[in-house]
Engineer: 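Structure below; questions to follow.
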Amino acid sequence: MGERTRTPLGLAVGVTVAVVAIALSGLIVGVDIAVLALAAFAAAGAVARIVTPVGRAFEVRRRAIDVGVLAFLAAVLAFLGLTTPLG
């Protein structure tokens, strides 16, 4: 078994705070905008996971799995944000 790297605590806290802030912004600016913002945040996370060196990225599983899950989440959220009448 290889050495397992962990997500830096500051990064984990920052991502959590950002997701909560985007979700709460749905109360102020509208749910549809918040859903699209979450989609953009997930897409940015996928890109960051591709280009960031190991040990500095938000790592959960292998890089391919992380990128695939984040890209799929971004696509689904964008689709729902653009097609579903919210709020």
Side-chain angles (χ1 to χ4, degrees):
M1 293 178 114
E3 185 176 326
R4 190 79 180 132
T5 60
R6 291 181 32 185
T7 300
L9 179 61
L11 179 62
V13 170
V15 168
T16 303
V17 168
V19 169
V20 170
I22 292 171
L24 289 176
S25 73
L27 298 171
I28 298 168
V29 298
V31 178
D32 51 346
I33 302 292
V35 169
L36 292 175
L38 282 173
F41 195 69
V47 170
R49 183 67 174 104
I50 291 171
V51 300
T52 306
V54 175
R56 296 194 48 127
F58 197 98
E59 181 178 356
V60 178
R61 303 274 186 231
R62 291 181 313 164
R63 186 177 301 232
I65 293 173
D66 286 346
V67 171
V69 168
L70 284 169
F72 180 75
L73 176 66
V76 168
L77 285 173
F79 175 77
L80 290 174
L82 292 172
T83 60
T84 305
L86 301 168

Engineer: How close do I50 and V67 get, counting heavy atoms only, and between which atoms?
Structural biologist: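 Here I50 and V67 meet closest at CG1-CG2, 3.5 Å.
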
Engineer: What closest approach, in Å, do A46 and A71 show between heavy atoms, and which atom pair accounts for it?
Structural biologist: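 Heavy-atom minimum between the residues: CB-N, 4.1 Å.
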
Engineer: When clusters are formed by joining ILVMFWY residues with side-chain heavy atoms under 4.5 Å apart, either directly or through shared neighbours, do V76 and L82 land in the same one?
Structural biologist: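 Shared cluster, no.
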
Engineer: Which atom pairs, one a donor and one an acceptor, fall under 3.5 Å between side chains of residues 10-25 and the rest of the protein, sequence neighbours left out?
Structural biologist:
{"from": "T16", "atom 1": "OG1", "to": "A12", "atom 2": "O", "distance (Å)": "2.8"}
{"from": "S25", "atom 1": "OG", "to": "I22", "atom 2": "O", "distance (Å)": "2.5"}

Engineer: Quick one: do L70 and F41 end up in the same hydrophobic cluster if we chain Ile, Leu, Val, Met, Phe, Trp and Tyr together by side-chain heavy atoms under 4.5 Å apart?
Structural biologist: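 Hydrophobic grouping puts L70 apart from F41.
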
Engineer: Measure the CG-CG distance between D32 and L80 for me, rounded to the nearest 0.5 Å.
Structural biologist: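 It comes to 12.0 Å.
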
Engineer: Check which hydrophobic residues are tied to I65 through side-chain heavy-atom contacts below 4.5 Å, counting indirect links as well, and list them.
Structural biologist: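 Result for I65 is V69.
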
Engineer: Restricting to pairs with a member in residues 43-54, which pass salt bridge (Lys or Arg N to Asp or Glu O under 4.0 Å), not counting sequence neighbours?
Structural biologist: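 Every pair satisfying salt bridge (Lys or Arg N to Asp or Glu O under 4.0 Å) with a residue in residues 43-54: R49-D66.
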
